[in-house]
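Below is one structure, written out as structure tokens; the observations come after it.
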Amino acid sequence: MTKPTIAGSRTGRKLGQRVKKKKLKASSRQWLERHINDPYVQRAQLEGYRARAAFKLLEIDEKYNILKGARRIIDLGAAPGSWSQIAAKVTGSTDEDIRVAAIDFLEMTQLPGVTILQLDFLDPTAPEKLMEAVGGTPDLVISDMAAPTTGHHRTDHLRTMHLCEVAAHFAVEVLGEGGHFLAKTFQGGTERDLLAMLKQHFRQVVHVKPASSRAESVEMFLLAKGFKGRKAEAEPEEA
Ligand SMILES: C[S@@+](CC[C@H](N)C(=O)[O-])C[C@H]1O[C@@H](n2cnc3c(N)ncnc32)[C@H](O)[C@@H]1O
């Protein structure tokens, strides 16, 4: 009789079981071993998430409670789609009543309840297309965008910071009052002007490093909670 595989694990390995690969370049082997032996990768497979990144969002939510009550969500840099999977679930989004819009320049496999735009977020038409796709005012804008690496550390860093900044300005343009913005950033990377702008528009602004974000990575998340709304800004101050 063949041994049954562990539920959801396509490899049939037990959770935590270590795997060694031969005949690969040392750097590739290290990456592969780390990936395969990563408990978050294994958990993602078991729980049906497309990426281990799902746990970053879930851990941030556990601490800061940003998903509860969200009715419409925009997911920036969404592929392969684990954040969109969570977004569709919390909003109860369906193909008949879409509440989640996702964008990535990479192709992404369809997800029920999610309108996917295969487009560069920096394309000038992206904001309008996203708003059309989400079908109403979003209460959450989430961005896990990271610029493709060039190998030049400073360039990669600046490009990802730029994406974070453009995403923040987009969030301020489109969020409903009380909404939240979450974006990938780097340790020490958030510009002072960006932080000041967010503090002006949101009640709480914090940096978060979830446990599932690899300790050796400089990745962090910038969370801005409680959008104050555009009304106050538009109304002239009383004399
Ligand atoms: C870390 S992955 C996102 C993982 C995703 N949160 C998930 O849960 O599956 C970052 C994504 O950002 C996308 N990205 C980077 N720059 C982008 C841009 N300018 N426009 C759209 N997507 C972008 C990349 O293609 C990549 O798929």
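Order of listing sets the numbers, starting from 1, for every ligand and every atom in it. Note that the coordinates shown come from a computational prediction; the quantities given were computed from them, not determined experimentally.
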Spacing of E62 atom CD and F55 atom CZ [to the nearest 0.5 Å]: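 One finds 11.5 Å between CD of E62 and CZ of F55.
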
Say you draw a straight line from CZ of F227 to CD of E177; how long is it, rounded to the nearest 0.5 Å?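 Spacing of CZ (F227) from CD (E177) equals 8.0 Å.
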
Donor-acceptor contact below 3.5 Å, side chain [X] vs main chain [Y]:
X	Y	answer
H180	G226	yes
R230	L175	yes
K228	Q200	yes

Any N/O of [X] closer than 3.5 Å to an N/O of ligand 1?
X	answer
D120	yes
A79	yes
G81	yes
I103	no

Quick one: look up the protein heavy atom nearest [atom] and list residue, atom name and how far away it is.
atom	result
atom 12 (O) of ligand 1	G77 CA, 3.4 Å
atom 17 (C) of ligand 1	F105 CE2, 3.2 Å
atom 15 (C) of ligand 1	A146 O, 3.1 Å
atom 8 (O) of ligand 1	S82 OG, 2.4 Å
atom 20 (N) of ligand 1	F121 N, 2.8 Å
atom 13 (C) of ligand 1	D104 OD2, 3.2 Å

Any atom of ligand 1 sitting under 4.0 Å from a heavy atom of [X]?
X	value
L119	yes
A54	no
R50	no

Locate the shortest heavy-atom distance separating [X] from [Y]; write the atom from each residue and the value.
X	Y	value
M145	A167	CE-CB, 4.2 Å
D95	L111	OD1-O, 4.4 Å
E219	D144	OE2-OD1, 4.5 Å
A87	T91	O-OG1, 2.7 Å
A168	L198	CB-CD2, 4.1 Å
S82	Y49	CB-CB, 4.3 Å

Show me which atoms of ligand 1 lie under 4.0 Å from any heavy atom of [X].
X	answer
A51	9 (O)
A78	5 (C), 7 (C), 9 (O)
M145	12 (O), 17 (C), 18 (C), 23 (C)
P80	9 (O)
L106	25 (O), 27 (O)

Mutual orientation of the aromatic rings belonging to F170 and F121 [parallel < 30°, tilted 30-60°, perpendicular > 60°]: perpendicular

Of the side chain and backbone of P148, name the one, both, or neither that has a heavy atom under 4.0 Å from an atom of ligand 1.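 Under 4.0 Å from ligand 1, P148 contributes no heavy atoms.
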
My understanding is that we take every heavy atom of each candidate and find the minimum distance to atom 1 (C) of ligand 1. Doing that for D75, L163, L76, D144, which one comes out nearest?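 Looking at heavy atoms only, D144 sits closest to atom 1 (C) of ligand 1.
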
